[in-house]
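The residues of the chain are indexed from 1 along the displayed sequence. Here the structure is a predicted model, which means the values were calculated and not measured.
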Amino acid sequence: MTRQPGRLLRRTFGIALLLVSGGLIASGAVELFFRYRESVEAIGALQQEMAQGAAFKIQQFVRDIEKTMRVSTQTQAIVAAGLTGAYRFELIKLLKVAPAITEAAALDSRGREQIKVSRVRTVLPEDLADRSSAEAFIRARTGKSFFSQVYFVRDSEPYMSVAVPIEPFPGDVAGVLIGEVNLKYIWDVVSGIRVGRAGYAYVVSGEGNLIAHPDISFVLEKRNLRDLGQVKAALAGTPGLLAAQPNLAGQKVFPAYAPIPGLGWAVLVERPASEAYAPLYASILRTSVLLLVGLGMAVLASFIIGRRVVGPVEVLRRGAARIGSGDLDHRLEIRTGDELQALAEEFNSMAGQLQESYTNLEQKIADRTRELARSVEELKALGEVSQAVSSTLDLQTVLTTIIARAVQLSGTNGGVIYEYDDVREEFHLRAAHGMEAEMVEARRALPIRLGEGVVGTAAATRAPVQVPDILDEHVAVGSRVRPVLARFGYRSLLAVPLLFEERIVGGLFVSRKETGSFSPEVVNLLQTFATQSVLAIQNARLFREIEEKGRQLEIASKHKSQFLANMSHELRTPLNAILGYTELILDSIYGEVPAKVRAVLERLEKSGRHLLGLINDVLDLSKIEAGQLTLSLSDYSLKQVVQTVVTAVEALAAEKHLALKAILPPDLPPGRGDERRLTQVLLNLVGNAIKFTDTGEVRVEVRAADGTFRVAVADTGPGIAPADQAKIFEEFQQADTSSTRKKGGTGLGLSIAKQIIELHGGRIGVESHLGQGSTFWFTVPIRVERQTEAK
């Protein structure tokens, strides 16, 4: 069919009308936007200039008062005679010249008022005060003028203090002149400012108090305007133009401000927003009329397009919707003779192709759905297997779960998992599913050797092996198993090796009653299950090894504890005899002993008692490890324990010229625990402190609070490095473990002390810094009713 080309192109001419109206709208919007910004900036600039002019006038007003006051301090009388009674005339003249000054006072260099005049009250001699501590006097005495904050007299009239130095000669301050200035005269400046028809200006202090306003009643009411947004911005010095804000009466105004330098005040100029924006509103009205005309033309153009273009497009839309909803037999009927008709024919062609493809698509979707369902089942099964592997060490339970899911997902009839014996090189059945009892017993009774049958072959080759048909004589099936499998109807087999780092762990075997090869997906799935089986077998083996090692360690530890206990007992008996005979000799029981021999015997006794202490430590350690160390609980006095320990080590401290102090509160409560063991712990801590401290002091401090005793032993020794503070409470550990260490010991004392304190249900620790000494502390309950298991 011949179509006249270009009809749609000609129809787009009507759309141009819409584009014109769109351009008109866009240009009008841009014009309005920029006109708005320019108008706002012009209004802001104008009001800013007015505010700056008013600020300058007010600043000039205050500076004029300051200059007038300075002139009154530079009279001939001041230069010639200083601050005398004749100066009163100058102050009276000052009040005449400057009506805003209601009161003036001349202070001498010490800050006392010498002369004072006022236009509002009579000043008596007793009214003269000492103002040496006033800020105005202190600041002006430095030679600079001072302007105070605004204050209100009778809570209505705003005032401020102006102070200038009285200098007969530059730099020679003879006193200070302070004037109280009534700020209501600023009203003359503010009331003369006109902004448009209804605009006005006002002044606020740094605290937000209203100083001057065209309506003076607002000032007399002592209004504070800090809550107004424009006042906040002005006092904060916020740059840029301010948006419209409500004024004192709640009316929207367009504000601008200017600060008054040196005073901290601000002048604000406000103009009603309706008046400020009136020219802008007129411009918007004109532009809106033009936009309405353009929109009318756009509506007309849209009507034309609707009749010539939108109709066929609507037919296309409805047809596409029907085809999209599945009605592939529907065809579009458009007879416009242009590109729209060509588009409709393309739609009809597309619908035919979709109708042809839809049939094949349904089949593909069904196949894909089955594949996804299978994948979901496989993932679910793998999740169950992984949970079984990680949640239990029962090998039988895990392997039974694995083979059951493997048989289910592979579509086979039965399966078996074997474990490999490295010594005998045989596979032994560990779990089965779906297999007949006779078949399972036969496989259990006949272990498979490496390289024998499909399981042995898969392990030897380290790759899966499958048998499509066991009746085929050319395939490798065990001669002992083939008849049994055939009798129960099994025809095809698949075996997957269980490998751990190329080492044989076992094999996984499944069988089905149909002939044929297994798909690659099934092989891959069984290899995944084989990996899970390896993990389960390895976990079980490791657990058995750990149990065996634990039993061996327990036996060895028991033997060690028994040996230490026996040896400690056997060593203590002769050692006590040696110490006893040594004491008898030193006591001259067997006659007088020469001085040289006595010195040797004393060293022998000292070394023997040290050795006896070490043996006792080893015996205590062996009891602790064997769980035989028990507490003998009874009532005790911690004060008596501390005194006993201090008495025992007092000679050692005196020998090293160390101060030994004990700090105990007078109201210590009686305790309950093992007094002998607590004395042993404290004696160890104090003895260590004396041993490792060369100069200074050793201090024992006791506190009782919240049902707990806290005992601390502080010294001024060398301190302990942070890395050594944790290990010193371990067995046979010391801060200095070198062979050249200066202090002896086995490193058992603190370990035993820690166990004793924990048996009491307490804690022990140390706080130390190198070069700053150490503080060992322990806490125990005041009342220990039962023994706690040591950690």
Applying salt bridge (charged side-chain N to carboxylate O under 4.0 Å, His left out), can you list everything that pairs with [X], at least two apart in sequence or on another chain?
X: Glu425; result: none
X: Asp422; result: Arg503
X: Arg512; result: none

Do you know the tightest heavy-atom contact between [X] and [Y]?
X: Pro670; Y: Ile782; value: O-CG2, 3.6 Å
X: Pro781; Y: Val784; value: O-CG2, 3.6 Å
X: Thr412; Y: Ser410; value: OG1-OG, 2.9 Å
X: Thr693; Y: Leu658; value: O-CD1, 3.4 Å
X: Pro497; Y: Ala459; value: CB-CA, 3.9 Å
X: Gly456; Y: Ile448; value: N-CG2, 4.2 Å

If you measure from [atom1] on [X] to [atom2] on [Y], what distance do you get to the nearest 0.5 Å?
X: Arg672; Y: Ser634; atom1: CZ; atom2: OG; result: 7.0 Å
X: His760; Y: Thr779; atom1: NE2; atom2: OG1; result: 12.0 Å
X: Leu525; Y: Phe518; atom1: CG; atom2: CZ; result: 12.0 Å
X: Gln680; Y: Leu685; atom1: CD; atom2: CG; result: 10.5 Å
X: Gln643; Y: Ser637; atom1: CD; atom2: OG; result: 7.5 Å
X: Leu750; Y: Ile764; atom1: CG; atom2: CD1; result: 6.5 Å

Just to verify, what does [X] make a side-chain contact (heavy atoms from CB on, under 4.5 Å) with, not counting sequence neighbours?
X: Glu592; answer: Ser588
X: Ala431; answer: Gln396, Leu399, Thr400, Ile403
X: His428; answer: Asp421, Glu426, Arg430, Pro447
X: Glu675; answer: Tyr636, Val641, Thr679

For [Y], is there any backbone N or O sitting under 3.5 Å from a side-chain donor or acceptor partner on [X]?
X: Lys639; Y: Pro669; result: no
X: Glu452; Y: Arg449; result: yes
X: Lys513; Y: Asn413; result: no
X: Thr775; Y: Ala714; result: no

Under the rule for side chain to side chain donor-acceptor pair (under 3.5 Å), what residues qualify as partners of [X], not counting sequence neighbours?
X: Gln466; answer: none
X: Arg424; answer: none
X: Asn688; answer: Asn684
X: Tyr420; answer: none

Is any side-chain heavy atom of [Y] closer than 4.5 Å to one of [X]?
X: Arg783; Y: Leu633; result: no
X: Leu638; Y: Leu678; result: no
X: Val681; Y: Phe778; result: yes
X: Phe709; Y: Leu668; result: yes
X: Phe509; Y: Val496; result: no
X: Ile720; Y: Leu770; result: no
X: Pro722; Y: His769; result: no
X: Pro464; Y: Gln527; result: yes

CA sep, side-chain torsions, deciding dist, call: Leu498, Tyr418, side chain to side chain contact (heavy atoms under 4.5 Å, CB included): CA-CA 9 Å; Leu498 307 183; Tyr418 293 92; over 6 Å; no

Sequence neighbours excluded - side chain to side chain donor-acceptor pair (under 3.5 Å) pairs with any residue from residues 695-721: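 Qualifying pairs, neighbours excluded: Lys661-Glu697, Glu697-Arg699.
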
Audit row: Val642, Val702, side chain to side chain contact (heavy atoms under 4.5 Å, CB included) steps and yes/no: CA-CA 9 Å; Val642 174; Val702 179; 3.9 Å; yes

Step-by-step side chain to side chain contact (heavy atoms under 4.5 Å, CB included) determination, Ile728 to Val766: CA-CA 10 Å; Ile728 59 176; Val766 62; 4.3 Å; yes

Side chain to side chain contact (heavy atoms under 4.5 Å, CB included) between Leu493 and Val510, intermediate numbers included: CA-CA 6 Å; Leu493 312 174; Val510 294; over 6 Å; no

